[in-house]
Q: 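Sharing a structure below in structure tokens format, with a few things to ask.
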Amino acid sequence: MNFNVSERYNCVVIEFKGNVMGGPDAVKLNEKLHELIEEDRTNVIADLGKVKFMNSSGLGMLIGGLTTMRKAGGDLRIANATDKIESLLVITKLITVFKHFKTLEKAVQSYGNSKEEE
């Protein structure tokens, strides 16, 4: 698994590629999220459009990221989940935990809409 980090308006997009299976990748992601928190950038979108496979450790990695960002006063939202990944989120009921969006644009807009509430 690799991930690229980019800035979009008022949030950070982490684009995942390949197989998301936790392990050393979870450590890399956690380190990156803590760097973002130090920079006061806590609105994160996980773009899953290029993920081929995700196991339970990969899901755990996303949950850990969500918890980390929420504790810091932000959020981690999901965009572009493939049908396969979305069905995994439904089966595990994590679809109710994460805010998820069909497109990256809608996920980015969701942060713009929620800024007034904060």
Side-chain angles (χ1 to χ4, degrees):
M1 173 202 93
N2 320 344
F3 60 84
N4 295 320
V5 179
S6 61
E7 192 85 30
R8 287 277 178 104
Y9 305 109
N10 57 344
C11 59
V12 176
V13 177
I14 301 177
E15 179 187 35
F16 292 89
K17 292 179 186 168
N19 298 331
V20 179
M21 299 172 48
D25 293 329
V27 174
K28 281 195 312 193
L29 177 65
N30 195 33
E31 287 170 356
K32 175 48 82 179
L33 293 176
H34 282 283
E35 281 174 32
L36 293 171
I37 290 167
E38 285 175 21
E39 296 166 6
D40 201 29
R41 294 160 53 201
T42 56
N43 292 342
V44 176
I45 298 169
D47 183 348
L48 304 180
K50 295 183 179 171
V51 172
K52 291 179 172 57
F53 174 81
M54 184 180 292
N55 66 5
S56 59
S57 296
L59 285 173
M61 186 173 87
L62 287 179
I63 293 165
L66 175 69
T67 304
T68 298
M69 298 322 281
R70 285 191 177 164
K71 279 183 183 172
D75 201 8
L76 186 144
R77 299 177 183 178
I78 292 177
N80 281 335
T82 61
D83 290 344
K84 204 174 189 181
I85 302 298
E86 194 170 321
S87 66
L88 185 62
L89 292 169
V90 169
I91 289 167
T92 57
K93 299 208 181 339
L94 290 174
I95 202 89
T96 62
V97 175
F98 287 97
K99 291 182 180 170
H100 59 286
F101 301 87
K102 290 284 184 197
T103 67
L104 183 56
E105 290 70 31
K106 286 184 178 169
V108 169
Q109 288 169 359
S110 75
Y111 279 119
N113 297 339
S114 67
K115 268 300 184 201
E116 290 90 53
E117 298 167 10
E118 292 179 355

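The chain is numbered in sequence order, starting from 1.
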Q: Using 0.5 Å steps for rounding, measure from the CD1 atom of Ile85 to the CD1 atom of Ile95.
A: 11.0 Å
Q: Check the hydrophobic clustering (I, L, V, M, F, W, Y; side-chain heavy atoms under 4.5 Å; chains of links allowed) and say if Val44 and Val27 are grouped together.
A: no
Q: Under the side-chain contact (heavy atoms from CB on, under 4.5 Å) rule, what do Leu89 and Ile78 come out as? Steps first, then yes or no, please.
A: CA-CA 11 Å; Leu89 292 169; Ile78 292 177; 4.0 Å; yes
Q: Report yes or no: do Leu48 and Met69 belong to one cluster of Ile/Leu/Val/Met/Phe/Trp/Tyr joined by side chain heavy-atom distances under 4.5 Å?
A: yes
Q: Near Lys28 NZ, under 6.0 Å, is it more than 12 heavy atoms from other residues, nucleotides or ligands?
A: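 Yes - once you tally the heavy atoms of other residues, nucleotides and ligands closer than 6.0 Å, there are more than 12.
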Q: Identify, with sequence neighbours excluded, every residue that meets side chain to side chain donor-acceptor pair (under 3.5 Å) alongside Lys102.
A: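 Partners of Lys102 by the side chain to side chain donor-acceptor pair (under 3.5 Å) criterion, ordered by chain and then number, come out as Glu86.
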Q: Can you measure from CD (Gln109) to OH (Tyr9) and round to the nearest 0.5 angstrom?
A: 9.0 Å
Q: With sequence neighbours excluded, tell me which residues meet side chain to side chain donor-acceptor pair (under 3.5 Å) with Asp75.
A: Arg70, Arg77
Q: For Glu105, which residues count as a side-chain contact (heavy atoms from CB on, under 4.5 Å) partner, sequence neighbours excluded?
A: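 Glu105: side-chain contact (heavy atoms from CB on, under 4.5 Å) contacts with Arg8, Thr103.
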Q: What about Leu104 and Met54, same hydrophobic cluster or not, with Ile/Leu/Val/Met/Phe/Trp/Tyr joined at side-chain heavy-atom distances under 4.5 Å?
A: no
Q: Is any NZ, NE, NH1 or NH2 atom of the basic residue among Glu35 and Lys32 found under 4.0 Å from an Asp or Glu carboxylate oxygen of the other?
A: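 Between Lys32 and Glu35 there is a salt bridge, with a charged N closer than 4.0 Å to a carboxylate O.
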Q: Going from OG1 on Thr42 to CG on Leu36, what distance comes out if it is rounded to the nearest 0.5 angstrom?
A: 9.0 Å
Q: Applying side chain to side chain donor-acceptor pair (under 3.5 Å), name anything that partners Glu39, two or more places apart in sequence or on another chain.
A: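 Arg41.
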Q: To the nearest 0.5 Å, what is the distance between OG1 (Thr92) and CD1 (Ile63)?
A: 7.0 Å
Q: Which value, rounded to the nearest 0.5 Å, describes the distance between Leu88 atom CG and Asp83 atom CG?
A: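 That separation rounds to 12.5 Å.
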Q: Measuring from atom CG of Leu66 to atom CG of Leu94, what distance do you get when rounded to the nearest 0.5 angstrom?
A: 9.5 Å
Q: Please test Ile45 against Tyr111 for side-chain contact (heavy atoms from CB on, under 4.5 Å), starting from the C-alpha separation and ending with a verdict.
A: CA-CA 10 Å; Ile45 298 169; Tyr111 279 119; 3.6 Å; yes
Q: Going by side chain to side chain donor-acceptor pair (under 3.5 Å), name the residues that satisfy it together with Asn30, two or more places apart in sequence or in a different chain.
A: His34
Q: Suppose the criterion is salt bridge (Lys or Arg N to Asp or Glu O under 4.0 Å): which pairs have a residue in residues 47-68, not counting sequence neighbours?
A: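 Qualifying pairs: Glu15-Lys50.
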